[in-house]
Trainee: 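Next up is a structure, given as structure tokens.
Keep in mind that this is a model prediction, so the values were computed, not measured.
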Amino acid sequence: MSIRHGLLALLERGPRYGSRLRTEFESRTGSTWPLNIGQVYTTLSRLERDGMVTQDGEDDAGHALYAITEDGRGELRSWFGTPVDRSNPPRDELAIKLAMAVGAPGVDIRAVIQSQRSHTLKAMQDYTRLKAQALADVPADRDDVAWLLVVEQLIFQAEAEARWLDHCESRLVRLAAAAATEPAASTGREATRSAASRPSTRR
């Protein structure tokens with residue numbers, strides 16, 4: 001998630017101070033990715049260092065205001081116009097967990113899958129309830145619409161994870177079935193080869 005570009009997008013609407021940026025960021029994303037104020041000011045400091053924002057005086061309450069620069073607007077336009085890179089995906093804890101669980105002694109991987117599936121389905125139900133609430137209130141402004149898009153992405157992501165877990169379980173069942181039949185098949189082949197190699201006793 002790009003906090004850097006999210007703050008630039010909010011600053012394009014006009015000068016803001018740190019706490020207001022945090023509030024608006026969380027409102028736009030439904031607090032799905034909460035920020036602490038330290039993250040906001042650290043990011044603003046880096047943006048200022050890179051010439052993308054500048055301090056723009058203070059408001060009536062004495063809050064330091066930040067404004068986007070032309071370089072910042074150029075960076076923001078480039079971000080909106082560039083696809084999110086999927087060629088180097090971030091590490092996924094669940095994928096790593098299942099990869100390590102395969103063949104790990106004493107680990108029932110099907111129990112791991114079932115536990116995760118229950119959690120994922122519950123999360124999907126929670127997100128679906130949030131979506132229903134958002135639609136019942138009728139999105140009135142762009143913050144409401146933005147939150148609706150975010151929660152729908154979370155629903156689709158949970159659905160995809162649940163399907164992937166079903167696939168993992170099916171694959172494990174097939175592999176277990178193949179492993180169960182392999183020794184018997186191997187024994188049959190060995191018996192055939194052994195019989196063929198014995199000298200005939202027929203006269």
Side-chain angles (χ1 to χ4, degrees), residues 1-96 119-162:
M1 179 192 60
S2 180
I3 298 172
R4 173 187 180 93
H5 294 100
L7 296 185
L8 285 175
L10 294 172
L11 287 172
E12 194 174 34
R13 299 168 63 179
R16 304 275 195 280
Y17 57 88
S19 295
R20 182 176 175 184
L21 284 168
R22 180 183 65 174
T23 299
E24 291 188 4
F25 184 95
E26 292 183 351
S27 175
R28 187 68 67 89
T29 60
S31 298
T32 303
W33 302 288
L35 299 179
N36 64 58
I37 195 64
Q39 284 179 292
V40 173
Y41 279 108
T42 297
T43 304
L44 286 171
S45 177
R46 290 172 180 166
L47 288 169
E48 185 177 15
R49 177 200 64 193
D50 295 340
M52 296 184 190
V53 304
T54 185
Q55 293 197 37
D56 189 34
E58 298 180 346
D59 66 3
D60 294 339
H63 298 117
L65 296 172
Y66 291 83
I68 191 169
T69 65
E70 284 306 313
D71 285 346
R73 288 190 176 89
E75 174 70 14
L76 187 60
R77 286 193 295 271
S78 175
W79 182 57
F80 282 134
T82 304
V84 174
D85 184 17
R86 300 300 188 192
S87 61
N88 188 26
R91 294 182 182 89
D92 184 280
E93 183 179 355
L94 177 57
I96 294 171
H119 175 81
T120 301
L121 292 177
K122 182 181 182 304
M124 186 165 62
Q125 291 167 356
D126 292 341
Y127 297 145
T128 302
R129 279 194 293 271
L130 289 174
K131 176 183 176 180
Q133 292 170 7
L135 291 174
D137 295 337
V138 183
D141 56 34
R142 52 189 167 185
D143 283 350
D144 291 339
V145 174
W147 161 231
L148 186 59
L149 293 177
V150 169
V151 76
E152 286 175 334
Q153 190 271 345
L154 294 172
I155 292 170
F156 290 137
Q157 190 175 53
E159 288 176 343
E161 184 170 281

Trainee: Taking side chain to side chain donor-acceptor pair (under 3.5 Å) as the definition, give me every residue that meets it alongside T69, ordered by chain and number, with sequence neighbours left out.
Mentor: none
Trainee: For residues 73-81, run the donor-acceptor check on the side chains, cut-off 3.5 Å, and write out each pair with its distance to 0.1 Å, sequence neighbours left out.
Mentor:
unit_1 : atom_1 : unit_2 : atom_2 : d
R73    : NH1    : E70    : OE2    : 3.1
E75    : OE2    : H5     : NE2    : 2.8

Trainee: Measuring from atom CG of L10 to atom CZ of R16, what distance do you get when rounded to the nearest 0.5 angstrom?
Mentor: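 The distance works out to 7.0 Å.
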Trainee: Rounded to the nearest 0.5 Å, what's the gap from OG1 on T120 to CG on L94? Could you check?
Mentor: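 Result: 7.0 Å between the selected atoms.
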Trainee: For R129, give me all partners under side chain to side chain donor-acceptor pair (under 3.5 Å), at least two apart in sequence or on another chain.
Mentor: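 Result, side chain to side chain donor-acceptor pair (under 3.5 Å) vs R129: D126.
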Trainee: Can you list everything that forms a side chain to side chain donor-acceptor pair (under 3.5 Å) with N88? Sequence neighbours excluded, please.
Mentor: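 Per chain and number, N88 pairs via side chain to side chain donor-acceptor pair (under 3.5 Å) with no residue.
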Trainee: Would you please name every residue forming a side-chain contact (heavy atoms from CB on, under 4.5 Å) with Y17, sequence neighbours left out?
Mentor: S19, R20, D59, H63, L65
Trainee: Which heavy atom in A64 sits nearest to a heavy atom in Q55, and how many Å separate them?
Mentor: CB-OE1, 4.3 Å
Trainee: Using atom types as modelled, flag every donor-acceptor pair under 3.5 Å from a side chain in residues 37-48 to any protein atom, sequence neighbours excluded.
Mentor:
unit_1 : atom_1 : unit_2 : atom_2 : d
Q39    : OE1    : N36    : N      : 3.1
Y41    : OH     : G18    : N      : 3.2
T42    : OG1    : G38    : O      : 2.8
T43    : OG1    : Q39    : O      : 2.8

Trainee: Quick one: side-chain contact (heavy atoms from CB on, under 4.5 Å) partners of L121, sequence neighbours excluded?
Mentor: R117, M124, A162
Trainee: Kindly compute the distance separating CG (L11) from CD (E24), expressed to the nearest 0.5 Å.
Mentor: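 The CG atom of L11 sits 9.0 Å away from the CD atom of E24.
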Trainee: So, using side-chain contact (heavy atoms from CB on, under 4.5 Å) as the criterion, who are the partners of A123 when residues are at least two apart?
Mentor: Y127
Trainee: Which pairs count as salt bridge (Lys or Arg N to Asp or Glu O under 4.0 Å) when at least one residue sits in residues 32-42, sequence neighbours excluded?
Mentor: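 Sorted pair list comes back empty.
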Trainee: Under 3.5 Å, sequence neighbours excluded: what are the donor-acceptor pairs made by side chains of residues 143-154?
Mentor:
unit_1 : atom_1 : unit_2 : atom_2 : d
D143   : OD1    : R28    : NE     : 2.5
D143   : OD1    : R28    : NH2    : 3.4
D144   : OD2    : A140   : N      : 3.1
E152   : OE2    : K131   : NZ     : 3.4

Trainee: Please tell me if the side chains of Q157 and E161 come closer than 4.5 Å, counting only heavy atoms from C-beta onward.
Mentor: no
Trainee: Without swapping roles, check the side chain of D50 against the backbone of M52 for a donor-acceptor pair under 3.5 Å.
Mentor: no
Trainee: Any idea which heavy atoms bring D56 and A67 closest together, and the distance?
Mentor: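 The answer is CB-CB, 3.9 Å.
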